Number of protein chains: 2
Amino acid sequence: MKNEENHNSKSRRSRQRDLILATLRGTKSHPTALELYEKVRGEMPRISLGTVYRNLKWLRERGEVLELDYGATFSRFDGNAANHYHFTCEGCGRVFDVAGPPAQSLERSVARDTGFRVLSHRLEFYGLCADCQ
Amino acid sequence: MKNEENHNSKSRRSRQRDLILATLRGTKSHPTALELYEKVRGEMPRISLGTVYRNLKWLRERGEVLELDYGATFSRFDGNAANHYHFTCEGCGRVFDVAGPPAQSLERSVARDTGFRVLSHRLEFYGLCADCQ
DNA sequence: CTACCTGCAAACTTTTTGCAGCCCA
DNA sequence: TGGGCTGCAAAAAGTTTGCAGGTAG
């Protein structure tokens with residue numbers, strides 16, 4: 001069961017969309033929308049930033065692309081400064097704390113694999129809370 | 001060795017700052033800056049939104065408060081839609097993919113503890129990359 | 001008193017959207 | 001040829017900042 005959602009209704013291709021996706025697939029740098037826009041503009045000088053945003057949204061909704069930071073247009077704050085995890089309900093938008101001690105072993109594992117110095121990590125869960133199931 | 005940073009230079013208290021921190025500590029709802037502003041305004045009607053932002057930043061820099069989504073003012077995109085983890089270098093800002101299979105066991109553990117339906121998770125690591133150490 | 005902090009409002013940054021025309025199927 | 005897609009520019013949304021005056025220490 002693939003998650004193609006119900007976006008398959010009416011949609012066409014466009015040279016812009018193809019180029020945006022190809023450019024994003026062809027880089028490992030996790031560009032911002034603006035960076036991607038500037039890169040794409042090298043090949044298609046009259047493309048607009050609005051088109052880049054529109055297509056990134058379109059691609060994200062179809063699961064063809066990943067948006068880091070989950071397009072949070074604003075920040076949420078937590079009075080508990082100790083590192084802990086969160087569960088965000090995709091139904092009602094509420095954020096819950098998740099009990100349990102942070103897994104330090106995750107950091108060690110990444111440090112071993114990459115050789116980087118890992119100082120912290122963040123872990124967020126998404127799904128449906130008790131009220132929204 | 002506590003991470004008090006070098007923010008201890010010159011700073012005073014203010015009724016506003018105390019109230020903002022107390023209000024945030026007194027809720028479990030992970031409010032946005034605007035929500036916090038409206039809550040605080042109940043007790044201090046002339047406080048400004050700018051003051052709330054200024055103090056949240058101040059508190060975050062001192063580690064007294066946690067900002068979810070790490071105050072990312074813009075999103076980054078990844079052409080690889082499969083769930084995978086990222087390492088963000090705090091030195092140069094670059095984002096790297098982290099190899100390794102997503103740990104599905106984390107989701108099961110949270111589902112067991114909360115009774116929520118866990119559909120996905122995100123895991124981000126922070127630290128210093130090879131070039132920045 | 002000093003200089004940090006505040007309220008206010010304007011500026012800034014990132015993202016979205018209305019509109020007229022283009023172009024893919 | 002219809003209607004989804006585009007370029008353009010203005011609007012929206014969230015956050016930051018300059019300024020003049022207030023206030024903690």
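Residue numbering restarts at 1 for every chain, and letters A, B, ... go by the order of the sequence lines. In this text, all values refer to a predicted model and were calculated from it rather than measured experimentally.
- Positionally, the nearest nucleotide of DNA chain C for B:S48 lies more toward the 5' end than for the other of B:S48 and B:F77.
- In this structure, A:L56 atom CG and C:dT14 atom C1' are separated by 13 Å, rounded to whole Å.
- Salt-bridge formation is not detected for the pair A:E43/A:R41: no Lys NZ or Arg NE/NH1/NH2 atom is positioned less than 4.0 Å from an Asp or Glu carboxylate oxygen.
- The separation between B:L59 atom CG and C:dC5 atom P is 11 Å, rounded to whole Å.
- Atom OH of A:Y37 and atom C1' of C:dT14 are 14 Å apart (whole Å).
- Closest to the side chain of A:T51, from the set D:dC5, C:dG7, D:dG7, is D:dG7.
- Picking from D:dC8, D:dT17, C:dA25 the nucleotide with the shortest atom distance to the side chain of A:R13 gives C:dA25.
- One atom, CE of A:M44, and another, C1' of C:dC23, lie 13 Å apart when rounded to the nearest Å.
- Atoms CG (A:L19) and P (D:dG7) sit 11 Å apart, rounded to a whole Å.
- Minimum atom distance to the side chain of B:R54 is reached by D:dT17, of the listed D:dT17, C:dT15, D:dC5.
- Of the charged side-chain nitrogens involved, none lies within less than 4.0 Å of a carboxylate oxygen, so that B:K57 and B:E67 do not count as a salt-bridged pair.
- If you check every strand for non-hydrogen atoms under 4.0 Å, A:I47 touches sugar and phosphate atoms only.
- As rounded to whole Å, 11 Å separates atom P of D:dT15 from atom CZ of A:R76.
- With contacts defined as side-chain heavy-atom distances shorter than 4.5 Å, the pair B:F87/B:R94 does not qualify.
- Remark: A:R46 is in phosphate contact with D:dC8, judged by side-chain N or O atoms under 4.0 Å from OP1 or OP2.
- One can place CZ of B:F74 at 14 Å from P of D:dT15, the figure rounded to the nearest angstrom.
- Out of C:dG7, D:dT15, C:dT15, the shortest distance to the side chain of B:A33 is found at D:dT15.
- Listed nucleotides C:dT15, C:dC5, C:dA25 differ in distance to B:R17; the shortest reach to its side chain belongs to C:dC5.
- B:Y53 places its OH atom 16 Å from the P atom of C:dT6, with the value rounded to the nearest Å.
- Listed pair A:Q16 / C:dC23 fails the phosphate criterion, with no side-chain N or O lying under 4.0 Å from OP1 or OP2.
- Partners of A:R12 according to the salt bridge (Lys or Arg N to Asp or Glu O under 4.0 Å) rule, which considers only residues two or more places apart in sequence or in another chain, do not exist here.
- Salt-bridge check for A:R13 with A:D18: passed, with a basic side-chain N closer than 4.0 Å to an acidic carboxylate O.
- Mapping B:L49 and A:S14 onto DNA chain D by nearest heavy atom places A:S14 closer to the 5' end of the strand.
- When each of C:dT6, C:dC5, D:dT17 is scored by its nearest atom to the side-chain atoms of B:N55, the top-ranked nucleotide is C:dT6.
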